[in-house]
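Report on the structure given below.
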Amino acid sequence: MAILKVENLYKVYEDGTQALKDVSFEVEEGEFLVVIGLSGSGKSTLLRCINRLVTPTSGHIWFNGVDITRIHGKRLRETRREIAMIFQQFNLVKRSKVITNVISGRLGYMNPLWSLTGYVPPKVREDAMQALRQVGMPEKYNNRADALSGGQQQRVGIARALMQNPKLILADEPVASLDPVLAHSILDYLEKLNKERGLTVICSLHYLDLVQRYATRVIGLRQGEVVYRGSREDIQRITDKEFRQIYGEEAQRLGGGGILGEVSTIEGATTHE
Amino acid sequence: MNELEQKSSSSNQQSSPTQVIIPPLAGGVLSIIPGLGQLVTRHIWRGILISFLIISIYGLSLWRLDETDVAFELFPPSIELTDLSRPQEEAVTYALLAMFFATIAYIWNIYDGYACARGKSSPPRLGIVFILLGTLTIGGHITEINLGKAIREIDDIGPRLSQILWPWNPDKILEYDLETTEGVAYFLASDSASVACAFGPVEQPTVEEGEPYLVIEPDCGQPSGQFTPSGMRAEGTKIKVQGFNFIPNEPAELVVKPESVPAFRPRVNAEVITAIPDENGNFELEFNMPNFTIPAEAVGPVQVEIIMRQSQKVGAPYLVEEFWLALEGIVVTLFLALMATAAGLVLAVPMSFLAARNLMSTNAITYSIYYVVRLVMNVVRSIEPIIWALIAIIWVGPGPFAGVIALTVHTIAALGKLYSESIENIDNGPIEAIQATGANRLQTIIYAVVPQVIPPFVSFTIYRWDINVRMSTIIGAVGGGGIGVVLIQWIRLADYDSVGIAVWMIAIVVTILDYASSRIREAYV
Ligand SMILES: Nc1ncnc2c1ncn2[C@@H]1O[C@H](COP(=O)(O)OP(=O)(O)O)[C@@H](O)[C@H]1O
Ligand SMILES: [Mg+2]
């Protein structure tokens, strides 16, 4: 059964921007779906509709068989617990400790009154340490989040997502702020979760080689509309024409090293770690 | 047509028919009343300005002249001028000079009236220059600018300033209890020595064994300043006192205490008369009986106590009262600032949420609340704390409480604005991220909003305390309590040593606070 089904989704922002236009697709459990498209094509809007950071104008989103486009309050929060999100800008609370940031992924399961006293059950703390171990940085638990490098911050972001015990992970350009080698290491974590735990991943990406490397399926957005659907095999032999269809005429002007540049061949790429 | 354009373009413009209303000469004649010619020829602003400025300079000059004795100054008496007359001298110079400039401007104005009537108003350069010169000249006198005084009294700065800069001189800052040892002898005084001695000899005070005592010779006579038959003033009777049993080597001061007037210490060449006992505690001193008033109604001679007094510092030194007053003042000031900051903080936090645009722009009602709160805060903030202090003093009377009220009001507005701006500036990303985990509103605020606003709140609050300490010294000067109260009093009394103590305390506290606040801010931001 499809874990997620998006049906005729429209989003018009208050200022009149038409961000999504009749978007429909399905995601099977365990897929690694990559959303591609130019900046401004509606990728973020689509992902944020799925966890309702943005309320769609019309259409339906079925998550585990429930239409989540019109739910509120407790039901919305319970749905959100199962859908974790990873952000391009990491969105950690910079002045808080790493461990606190990871723990905040569990808030949906905790008694809100505990947050007033600052109490964290030992089990939650232990789980947070376990999540940090999974992303390979348990020793940093007591550092302030803003003392970490970009790649480390994104790994904390993944740890925070893991604390939700999610069924679905939304990753909105998770590696766009990182250098290429780090990009691979972050996506490797997501792929591992996808393969080993069967977690469904919806991820927006920019670089073609990353898309080819990680995606099990691809949809392409252009000006809010789905203009490309491809399987893993399709994306391996995507043609210039199809590519231009997704990215528009701008793609050519961006040249070789542009948005779909060959990441793995960039020389001298370094990591912060 | 625009008057300004007219002015600038009229010089190369031929007279246009609309401007020529009266014959040119009539324009000049009308301008005998300054500006009238210009007014009549429709150079409205030029006319108003010219008449207002020229008449003002004359008026002000006459007012200043009226305050001085012009006749006296214009025809000074042949005797040398005293220092007191100098400001008057300057007043006349200033006023006459200003009138001279105004007169040139006035002559120009007549020509300008003529020119305006011809439809070719003259360039105003000349008028502007002389009106400006006249205004500045009379202004110099009104504000009592007195370079002469500044130069003559420049020597006063040094010693007074050094008193303020270094008040910690042990002689000034420390005091001792004094223990006095006295020997007393009696003396009969009258206008004439022979009258006085007719009543003698005087019975001298009895002395206990070992106590200091005086032997006086003679024990009767006249104070100085009595008229002699030749019309000269005579010196007082020469007196010899011998002292016994005094503390060796410790100077003893002469004190004269006539029955008729309070005791005093006679001086010779501005120095009090002293004697230093030898190692046995004995001395011998000669002096002339000083002048003092013998009341006309006195019957017979006046008995005078001749006292030789030794004063000794006893016990440990202690700090002068002013030190404790200043310390008390600075403590009051610190707490005044602390209370105002704390009260301001408590009230500013809720205000700031109401004044944060990002939180209040959900609907029309919240937005209008935001607008009103922000407006009130801006108005309150633009009113100086010293005005709030005056209002608070009227309300609760002078004292630290008035100061607390004044600073609190200002602090609420100032902090409210800073807080609301820091709320507006928080990063929305973490808030969304926490929301996306399924956290509720309370959890989101505690985990995502509070950590972000605490550093700026702490930083602004400490910064504000810093400002409040400085401000409360000024508030004190108008009656708001704290160190400013004593400081302004000492400045008025020209007690520069005490001013120095207060200034030092303020400087020390402000420096420490400055340092501490920057350290705390570093730690929190
Ligand atoms: N909050 C918003 N209000 C108005 N317009 C928005 C908002 N967020 C995004 N948009 C507009 O919607 C369109 C899609 O944006 P987005 O979903 O961020 O695209 P992408 O993530 O692919 O760059 C863009 O034109 C963008 O300007
Ligand atoms: Mg985006």
- Note on the structure: Rounding to 0.5 Å, atoms CZ (A:Phe87) and CD (B:Glu432) come to a distance of 6.0 Å
- Query: In terms of heavy-atom pairs under 4.5 Å, which option from A:Leu116, A:Ile86, A:Asn51 contacts chain B the most?
  - Reply: A:Leu116
- So do B:Thr437 and A:Arg81 actually touch side chain to side chain, heavy atoms under 4.5 Å? no
- Out of B:Gly438, B:Pro451, B:Ala439, which one racks up the most heavy-atom pairs below 4.5 Å with chain A? B:Gly438
- Note on the structure: If one checks every heavy atom of A:Lys74 against chain B at 4.5 Å, the contacting part turns out to be neither
- Query: Under a 4.5 Å heavy-atom cut-off, does chain B meet the side chain of A:Leu92, its backbone, both or neither?
  - Reply: backbone
- Task: Check whether more than 12 heavy atoms from other residues, nucleotides or ligands sit under 6.0 Å from atom CH2 of B:Trp395, and answer yes or no.
- Result: no
- Query: Is it the side chain or the backbone of A:Asn111 that comes within 4.5 Å of chain B heavy atoms, both, or neither?
  - Reply: backbone
- Measure the shortest side-chain to side-chain distance between A:Thr100 and B:Tyr447 over non-hydrogen atoms and say whether it is less than 4.5 angstrom. yes
- Within a radius of less than 6.0 Å around OH of A:Tyr13, do more than 12 heavy atoms belonging to other residues, nucleotides or ligands occur? yes
- Message: Around atom CE of B:Met339, are there more than 12 heavy atoms from other residues, nucleotides or ligands closer than 6.0 Å?
- Response: no
- Note on the structure: CG of B:Asn440 to CG of A:Leu107, rounded to nearest 0.5 Å, is 8.5 Å
- Message: Within the supplied structure, the quantity of interest is the number of heavy atoms (other residues, nucleotides, ligands) at a distance under 6.0 Å from B:Glu384 CD; does it exceed 12?
- Response: no
- Note on the structure: From the list A:Arg80, A:Arg52, A:Met85, side chain to side chain contact (heavy atoms under 4.5 Å, CB included) partner of B:Gln435 resolves to A:Arg80
- Item | Residue part contacting chain B, namely of A:Gln164, when any heavy atom lies under 4.5 Å | side chain
- Message: Counting only heavy atoms not in B:Arg519 (residues, nucleotides, ligands), do more than 12 fall under 6.0 Å from its CZ?
- Response: no
- Got a sec: does the OH of A:Tyr214 have more than 12 other heavy atoms crowding it under 6.0 Å? yes
- Query: So which part of A:Ser96 gets closer than 4.5 Å to some heavy atom of chain B, the side chain, the backbone, both or neither?
  - Reply: side chain
- Any side-chain heavy atom of A:Ser115 within less than 4.5 Å of one from B:Leu442? yes
- Looking only at heavy atoms, what is the nearest atom pair of B:Gln443 and A:Met110, with distance? NE2-O, 3.4 Å
- Task: Count the heavy atoms belonging to other residues, nucleotides or ligands that lie under 6.0 Å from CD1 of B:Ile365, then report whether that count exceeds 12.
- Result: no
- Looking only at non-hydrogen atoms, find the nearest pair between A:Val93 and B:Ala448 and report the distance. CG2-CA, 4.1 Å
- Item | Contact origin within A:Arg160 toward chain B - heavy atom pairs under 4.5 Å | side chain
- Task: Under 4.5 Å heavy-atom distance to chain A, tell me which part of B:Asp427 shows up: side chain, backbone, both or neither.
- Result: side chain
- Message: Tell me whether the count of non-hydrogen atoms from other residues, nucleotides or ligands lying under 6.0 Å of OH in A:Tyr109 goes above 12.
- Response: yes
